Protein chains: 2
Amino acid sequence: MERTIVDYQGNRLEEKLQKILGNVESEGGTCPIRHILARFSDKWSTLSIFHLGDAGTLRFNELKKRIDGVSQRMLTVTLRTLERDGLVTRRIYPEIPPRVEYELTDLGRSLLVQIIELGDWASNHSKQIVEARKRFDAREHRAIDSTLV
Amino acid sequence: MERTIVDYQGNRLEEKLQKILGNVESEGGTCPIRHILARFSDKWSTLSIFHLGDAGTLRFNELKKRIDGVSQRMLTVTLRTLERDGLVTRRIYPEIPPRVEYELTDLGRSLLVQIIELGDWASNHSKQIVEARKRFDAREHRAIDSTLV
DNA sequence: CCGAATCCGCGTGGATACTG
DNA sequence: CAGTATCCACGCGGATTCGG
């Protein structure tokens with residue numbers, strides 16, 4: 001049962017990886033990690049978490065202004081899902097006109113820490129990725145999919 | 001310009017967050033971070049990276065066996081995309097029957113470190129998320145979407 | 001101002017069959 | 001074994017309209 005050691009950062013990575021792979025499908029009847037990871041796969045969740053982490057508290061339209069290109073519907077759906085998962089709180093003020101404020105929960109902030117690191121990685125390596133794509137496209141094929149650029 | 005300090009881990013999080021938000025749309029003509037993050041959003045990329053990181057080198061069908069439910073087509077597409085982004089190498093042995101081996105690049109391994117941390121977070125908090133969902137569903141609505149469970 | 005509801009185009013991704 | 005090619009269902013998500 002030989003394996004490649006990925007523990008080159010001395011941070012129990014190998015152990016964590018084993019745990020993750022063991023829980024990919026289902027974790028003792030709870031939700032498979034796959035579904036949780038999928039939550040950050042959708043188009044707007046991470047951006048919402050970033051902006052709420054940055055601003056602290058935001059009203060619906062304030063958040064909408066900050067997220068370029070999001071539709072009203074998708075922002076609503078996204079925030080509801082985040083609320084349901086316990087990552088965001090939604091506070092309603094029964095005024096006229098109505099006011100609704102969103103904020104990260106403690107759980108949401110703990111997630112923020114993780115995706116900041118991921119975003120930081122993306123930010124630091126985007127140039128390498130773009131160059132790899134250029135080489136790939138020049139070498140063999142025309143772009144697999146022009147929408148990937 | 002008051003802001004919520006997210007630097008509660010003493011790890012320059014606030015600074016990183018600013019950088020990320022500044023590069024969300026486009027980073028000096030390169031690829032927006034959004035598109036890079038979207039790469040880990042698709043259903044099979046992270047799982048492929050996890051398993052390649054775990055095993056080191058895998059042939060196509062070895063990897064396919066490890067990823068439960070992936071179709072041949074989607075694994076091919078996923079691996080091509082990862083190869084194009086410079087995250088995975090694809091080595092072809094001109095034999096009969098053909099043999100193709102996949103392996104993470106250095107760039108891929110540096111990404112692996114990040115998504116292991118994310119997966120570890122998901123693994124450690126999945127129970128909290130599931131409980132939050134139960135509370136939410138019991139409180140106000142019936143499940144927003146039964147597929148989310 | 002903050003949504004809910006409806007309609008619908010389009011891309012993702014599964015199933016199947018076929019090649020080198 | 002490791003793909004490609006084709007067909008097609010389904011659901012994401014945009015546009016629009018209506019409500020509290």
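Keep in mind it's a predicted model, so treat the numbers as computed, not measured. Computed over heavy atoms, backbone and side chain alike; hydrogens, waters and symmetry mates excluded.
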Of dC1(D), dG14(C), dG3(D), the nucleotide closest to the side chain of Trp44(B) is dG14(C)

**OP:** Quick one: label Arg73(B) by what it contacts on the DNA or RNA (base, sugar-phosphate, nothing), any heavy atom closer than 4.0 Å.
**Re:** base

Here the distance between atom P of dC2(C) and atom CZ of Arg91(A), to the nearest Å, is 15 Å

The reported gap from CD1 in Ile129(B) to CG in Leu87(A) (rounded to nearest 0.5 angstrom) is 5.5 Å

TODO: Looking at every strand, decide which applies to Tyr102(A) at a 4.0 Å heavy-atom threshold: base, sugar-phosphate, or nothing.
DONE: sugar-phosphate

Among the nucleotides dA4(C), dG14(D), dC1(D), whichever has the atom closest to the side chain of Thr76(A) is dA4(C)

Requested in this report: Using a 4.0 Å heavy-atom cut-off across all strands, classify Gln72(B) as base, sugar-phosphate, or nothing.
Outcome: base

For this session: Decide yes or no for Gln18(A) and Asp54(B): does some side-chain heavy atom of the first lie under 4.5 Å from some side-chain heavy atom of the second?
Result: yes

Test log, rule side-chain contact (heavy atoms from CB on, under 4.5 Å), inputs Trp44(B) and Leu79(B)
CA-CA 9 Å; Trp44(B) 307 113; Leu79(B) 289 169; over 6 Å; no

Taking dG3(D), dA2(D), dC2(C) as options, the one with an atom nearest any side-chain atom of Pro98(A) is dC2(C)

Here the distance between atom P of dG3(C) and atom OH of Tyr93(A), to the nearest Å, is 13 Å

- Query: Hey, does the side chain of Lys43(A) come within less than 4.0 Å of dG14(D)'s phosphate (OP1/OP2), counting only N and O?
  - Reply: yes

inquiry  = Is there a side-chain contact (heavy atoms from CB on, under 4.5 Å) between Glu117(A) and Leu13(B)? Walk through the geometry before answering.
reply    = CA-CA 8 Å; Glu117(A) 296 298 334; Leu13(B) 289 183; 3.6 Å; yes

Closest non-hydrogen atoms of Gly86(A) and Thr105(A), given as atom of the first, atom of the second and distance, are O-OG1, 2.7 Å

Taken to the nearest whole Å, CD/Glu95(B) to C1'/dG3(D) is 16 Å

Here the distance between atom P of dC1(D) and atom CD1 of Ile96(B), to the nearest Å, is 14 Å

Looking only at dC1(C), dC1(D), dG14(C), the nucleotide nearest the Ser71(B) side chain is dG14(C)

Here the distance between atom P of dG3(C) and atom NZ of Lys64(A), to the nearest Å, is 12 Å

note: Leu75(A), atom CG; dC12(D), atom C1'; distance rounded to Å ~ 16 Å

Regarding the side chain of Met74(B), the nearest nucleotide among dG13(D), dA2(D), dG13(C) is dG13(C)

note: Leu47(A), atom CG; dG13(D), atom P; distance rounded to Å ~ 12 Å

Of the listed dG14(D), dA2(D), dG3(C), the closest approach to the Arg90(A) side chain comes from dG3(C)

The residue, Val70(A) or Arg59(B), whose nearest nucleotide of DNA chain D is more 5′ is Arg59(B)

note: Phe60(B), atom CZ; dT19(C), atom P; distance rounded to Å ~ 19 Å

